[in-house]
Amino acid sequence: MVGPRHKIVITGIAGRLGRLLARRLHRDYPVVGIDRRDFPGKPRDIDHIQVDLRSKRARDVLRAGDIAALIHLGVMHDPRRSGADHHSWNVQGAQRLLDACATYGVPKVVALSSANVYGPRADNPQFLTEDAPLMAGQDFPAIRDLIELDMIASSFFWKSAAVETVILRPVHILGTVHNAPSNYLRLKRVPTLLGFDPMVQVVHELDVVEAIVCALRPGTRGIYNITGPGQVPLSTLLAELGRPTLPVFHLLAKPLLSALWRGRFTSFPVPELDHIRYVCMVDGSRATKELGFCPQRSLKETIRAVLG
Amino acid sequence: MGLLKDRLHRWVDAQFSPEFLEKFRALPTHQNEYGYDSFGFHREEAKIAALLAQFFHRDYFRVESHGVAEVPAGRVLLIANHSGQLPYDGIAIAGAMLFDHDPPRVVRAMVEKLIPSIPFLSYLLARWGQITGTPENCIRLLHDGEAILVFPEGSRGISKPFTRRYQMTDFGLGFMRLALETKTPIVPVAVIGAEEQLPAFNMKPLARLLDLPAFPVLPIPPFLPLFPFPTKYRIYFGEPLQFEGDSDDEDEEIAEKVKVVRNRIQSMIQVGLEERKHIFW
């Protein structure tokens, strides 16, 4: 663990995961959050700087010194926003923050990426290791900025050897968070693809918080897949939640979803279909061995976490 | 729905001998709380596949297996000749390992990478223990001590025309690299009987046009189900071969070792053919 009294800066602190992380850390460290959104119910000892993470004031936070680590959670992923917005926020924004870390001597950076950067594909091996190529952009151009973010962080790892950089690629995070998998599982009637039932991996949001805390330990650096308590077929996950399903023939699913998307009836872009069709699972053994991370929640608890 | 499933499972259970069921239930697997292993294998659902295998093994092809007891425990690569247009030879080998080996062993075959994009097959094969054919998957399962079935001839072998029966095509080298890397014993397997199940002609002009080794055409009226002839299968399991060396060697070095396996299978095929009195019994 990093020494006390040094500040920990969290970008995207007002998001669900950011708030959970802030609550986990604020008793042990001074926590500074950068997020332009409100942070309802913020503990009093957390310093929330309500600015855009691309702004000069965000950079000033890092310049102020006495910082133990930057935890970068401030990723924009709103499929309705333009590609330019995403690029400016996720790529340029992250680049500026990382540059500032190198300039002002922040000793540790933890960047939250996602196992989705590998991409669900028919010919994926069952478990992808951290060395696997990031193929998600091939069929899902809209998430290229997330892959680029991951790569910026990896190249920063090599370029700025003085900074301990940790990149975490968690599998589908379930819980109160508002991400695609949790939203999907919260649908009243869950559409599935007829004849497809891939194995999926899920991890509890609080386990991800623990993984980030593990990554703060001095000396740890590198890329880590973060896995939960195991893997189950999608159908088992839905059965555990008692969700009625609506199997759709896969050749019809694409045009249907595309029409719904254009009509703004859904928040799921068409390429997300591949996640309920093919496997995109990762090998989390490196995180277990080197970070000492071990998910505490059972599969059942993790799945039920989306119910809130 | 649940009731129907329950009855189906009870009916499936009733089709097996109690001894087999008991042994099958005792199979060591790495299952999680929902009964799935990390590759999606589910023992209860795999019983349906076992039933299918039992039908082909016991009643249809009346498989006669030789030397199956010699297949070593723990991780092993079963390397077999591939033939017969449709992969019933895989089912027969899996059946032999399940019903003739004691204790029963679930064979994990490396299936075509196309399978995950085909509805139903995509997950049914996974539930039954079959895995997408990538080297990473194979290494992982070998480290878990599983028995993996590989047809190094791949589609070249299975689509051979009838005129070239029992002449093996070229072997891929991948299995040998995996065996060397994981120090896994190789069991050569010769399958006799599959070549005659669906005799096919080779449409040479079409094959040339499409740049395929062969374009098999079956002399069966279209739209009839592709059901094989009930030939008698004889499966010979050879003595395990252990190879030493660098898995990253030049192709030539690896090819030498592969040739040893290939020749072994070819000679086992010869012996099998000589012993055989009739194709159907």
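Each chain gets a letter, A, B and so on, in the order the sequences are listed, and its residues count up from 1. The structure displayed is predicted, hence computed values, not measured ones.
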List the steps, then state whether side-chain hydrogen bond (donor to acceptor under 3.5 Å, both in side chains) holds for A:Y184 with A:E272. CA-CA 10 Å; A:Y184 171 73; A:E272 294 273 16; over 6 Å; no

Can you see which heavy atom on B:Q130 is nearest to which on B:V111, and at what distance? CB-CG1, 3.8 Å

Is there a side-chain contact between A:L149 and A:S113 (heavy atoms, below 4.5 Å)? no

Minimum-distance pair of heavy atoms, taken over all atoms of B:I186 and B:A179: CD1-CB, 3.7 Å

Smallest heavy-atom separation, A:F127 atom then B:S38 atom, equals CZ-CB, 3.4 Å

How far apart are the C-alpha atoms of A:Q201 and A:T227, what are their side-chain angles, what is the distance that settles it, and do they pass the side-chain hydrogen bond (donor to acceptor under 3.5 Å, both in side chains) test? CA-CA 7 Å; A:Q201 286 172 318; A:T227 51; 5.3 Å; no

So, for A:V232 and A:L299, which heavy atoms are closest and what is the spacing to 0.1 Å? CG1-CD1, 3.9 Å

In residues 42-53 of chain B, which residues are in contact with chain A at a heavy-atom separation under 4.5 Å? none

Minimal heavy-atom distance between B:P87 and B:I158, with the atoms involved, is N-CD1, 3.5 Å

Which answer fits B:S117, side chain, backbone, both or neither, if we ask what part of it has an atom under 4.5 Å from a heavy atom of chain A? both

Nearest atoms (heavy-atom pairs only) where B:R177 meets B:D248: NH1-C, 3.9 Å

Are B:P72 and B:V187 side-chain neighbours, meaning at least one heavy-atom pair lies under 4.5 Å? yes

Where on B:I118 is there a heavy atom nearer than 4.5 Å to chain A: the side chain, the backbone, both, or neither? backbone

I'd like to verify something: which residue of A:R277, A:M281, A:Q126, A:M199 has the highest number of heavy-atom pairs under 4.5 Å with chain B? A:Q126

Identify which part of A:L251 has an atom lying under 4.5 Å from any heavy atom of chain B, answering side chain, backbone, both or neither. neither

Aromatic contact between B:F24 and B:F16, with the criterion being ring centroids under 6.0 Å apart: yes or no? no

Proximity breakdown for A:F196 and chain B, heavy-atom pairs closer than 4.5 Å: both

Side chain / backbone / both / neither for B:Y36 at chain A, heavy atoms under 4.5 Å: side chain

Taking A:E210 for its side chain and A:P295 for its backbone only, find out whether a donor-acceptor pair lies under 3.5 Å. no

Neighbourhood of chain A inside residues 136-151 of chain B, taking heavy atoms under 4.5 Å as contact: B:E136, B:N137, B:R140

Do the rings of A:H86 and A:H77 sit parallel, tilted or perpendicular, given the 30° and 60° boundaries? perpendicular

Select, from A:D197, A:D123, A:L194, the one with the greatest count of heavy-atom pairs under 4.5 Å involving chain B. A:D197

